[in-house]
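FYI, the numbering just counts along the sequence from 1.
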Amino acid sequence: VGGVNALRGGYDKALPYFEKSLAISTAIGNRKGEASTFGNIGGLYVEHGAYDEALVHYGKGLAINIAIGNRFGEAHTLNVIGDVLTRKKMFREARIQLERAFAIATEISALSEFPYITANLALLCEAEALELAGEDRTLKYAEAMRLLRDAIRMGGEQKLEKEVEKWQQDLERMRNA
């Protein structure tokens with residue numbers, strides 16, 4: 001129910017459902033469910049622009065995924081952490097998390113994660129390019145475009161459409177800040 005509310009834009013309504021899900025997962029010892037729910041809560045905070053709070057929840061989910069050996073969950077969570085760090089203009093830290101996510105996805109052959117990680121790397125390059133000038137900026141944009149093409153070839157069209165739209169809004173806000 002929390003996911004349905006979140007998709008409909010009812011983030012304030014979604015949070016209590018996710019918190020209830022977290023309590024149930026914890027009570028029955030469903031660690032994977034806990035990690036997933038922490039991720040869902042983190043996503044709600046991202047949608048509200050509360051990036052620090054999102055990172056807290058993603059961090060809790062990441063710790064659980066590592067503890068239970070859920071490598072797919074670990075790669076996925078590192079990817080979303082990298083996305084949030086990019087939005088916070090913490091580019092070096094974002095790249096570290098995204099590269100860790102890509103390495104784990106490669107190690108476990110998590111093909112479904114490649115387009116998402118690659119798209120986030122491309123968006124990181126685009127954000128980095130805005131901080132540069134001249135030839136450095138051009139080269140960074142070229143890297144972003146290469147990564148976007150790679151992500152599209154990997155099947156990430158839907159993610160890219162949604163993310164590029166959000167990023168265009170975020171980048172416009174960055175330019176105007």
Atom CD1 in I96, atom CG in L85: separation rounded to 0.5 Å?
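With rounding to 0.5 Å, CD1 (I96) is 9.5 Å from CG (L85).
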d(N65 CG, L78 CG) to nearest 0.5 Å is 9.0 Å
With [X], which residues qualify under side-chain hydrogen bond (donor to acceptor under 3.5 Å, both in side chains), at least two apart?
| X | value |
| --- | --- |
| E135 | none |
| E128 | R95, K140 |
| K88 | D52 |
| T26 | E34 |

Do you know the tightest heavy-atom contact between [X] and [Y]?
| X | Y | value |
| --- | --- | --- |
| I81 | Q97 | CG2-CG, 3.9 Å |
| N79 | A101 | N-CB, 3.7 Å |
| I117 | A105 | CD1-CB, 3.9 Å |
| L130 | R137 | CD2-NH2, 3.1 Å |

Indicate every side-chain donor-acceptor pair of residues 53-64 with a distance under 3.5 Å to a residue at least two apart or in another chain.
from: H57; atom 1: ND1; to: E53; atom 2: O; distance (Å): 3.0
from: Y58; atom 1: OH; to: G43; atom 2: N; distance (Å): 3.2

May I have the step-by-step check of side-chain contact (heavy atoms from CB on, under 4.5 Å) for Y51 and D83, ending in yes or no?
CA-CA 10 Å; Y51 300 137; D83 174 52; over 6 Å; no
I'd like to check the side chain to side chain contact (heavy atoms under 4.5 Å, CB included) partners of [X]; sequence neighbours left out, ordered by chain and number.
| X | answer |
| --- | --- |
| T106 | F102, F114 |
| S21 | S25, T37 |
| R146 | E143, R149, D150 |
| N40 | F18, S36 |

Where at least one partner belongs to residues 63-75, residue pairs that pass salt bridge (Lys or Arg N to Asp or Glu O under 4.0 Å), sequence neighbours excluded:
R71-E74, R71-E107
Membership question, hydrophobic clusters at under 4.5 Å side-chain separation (ILVMFWY): are F72 and V80 in the same one?
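Same cluster: V80 reaches F72 through Ile, Leu, Val, Met, Phe, Trp or Tyr contacts under 4.5 Å.
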Tell me which one of N120, L121, L123, L124 satisfies side-chain contact (heavy atoms from CB on, under 4.5 Å) with L147.
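Result for side-chain contact (heavy atoms from CB on, under 4.5 Å) with L147: L121.
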